[in-house]
Amino acid sequence: MTPRGTYMSVAMTNCGEFGWVTDRSGYRYTRIDPDSQNPWPDLPELFTTLSRDAAELSGFPRFSPDACLLNRYRPGARMALHQDRDERDLTAPIVSISLGLPAFFLLGGTRRTDPPARIQLQHGDVLVWGGPSRMLFHGIAPVAARTDQDFGAYRFNLTLRKAGSR
Ligand code: MD6
Ligand code: FE
């Protein structure tokens, strides 16, 4: 649920030391899953190594993620233009992995009203988001109704982040 009290069309969960949550009191990272009251599951080592390698190839050596937000989209689900600014160290990149149905990533500017470019993200695409781009507005256009051979009528997006202390 957003701080305004409306539901997002994207389903979310997390793994890692920290997880991103939203509810009536706002957006934040927590160590405990508010649904289960348990710590988030561990970050699989594969997620850490894959994202570190991708970050390094893009010019961000020594990336050490401590959070992975998992987003799940059904056809019609979308994400409004936003900035990612809840992480403590905004100099660390975010590594984004897309699986299943394709979607258009909306890449805006430094102001919410800047008209966004549309970049298609397909199954297996990895996006490294850092440096001067880190604070750009971005979102996901409504996912088109299709069926992926392996993932069915879903798009998944995993974002590996450094959410905690520097
Ligand atoms: C998504 N991604 O692809 C939404 N944010 O479902 C994001 O909001 C995002 O892909 C920061 C960095 C990379 C991203
Ligand atoms: Fe984002």
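We count residues from 1, following the sequence as given. In each ligand, atom 1 is the first atom listed, and ligand 1 is the first ligand listed.
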* Atom name, His138 (N, O or S, nearest to the Fe ion (ligand 2)) -> NE2

* Which N/O/S atom belongs to Asp84 and is the closest one to the Fe ion (ligand 2)? -> OD1

* Side-chain contact, heavy-atom cut-off 4.5 Å: Met79 with Tyr73? -> yes

Consider only side-chain N and O atoms of [X] and [Y], and report whether a donor and an acceptor are under 3.5 Å apart.
X      : Y      : value
Arg161 : Thr159 : yes
Arg155 : Ser98  : yes
Asp125 : His123 : no
Trp20  : Asn14  : no
Ser96  : Asn157 : yes

* Asked: Which parts of the protein, at residue level, reach under 4.0 Å of ligand 1 through a heavy atom?
  ->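 Asn71, Tyr73, His82, Asp84, Ile94, Ser96, Phe105, Trp129, His138, Ile140, Arg155, Asn157, Thr159.
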
* Asked: Looking at residues at least two apart in the chain, or sitting in another chain, which of them share a salt bridge (charged side-chain N to carboxylate O under 4.0 Å, His left out) with Arg72?
  -> none

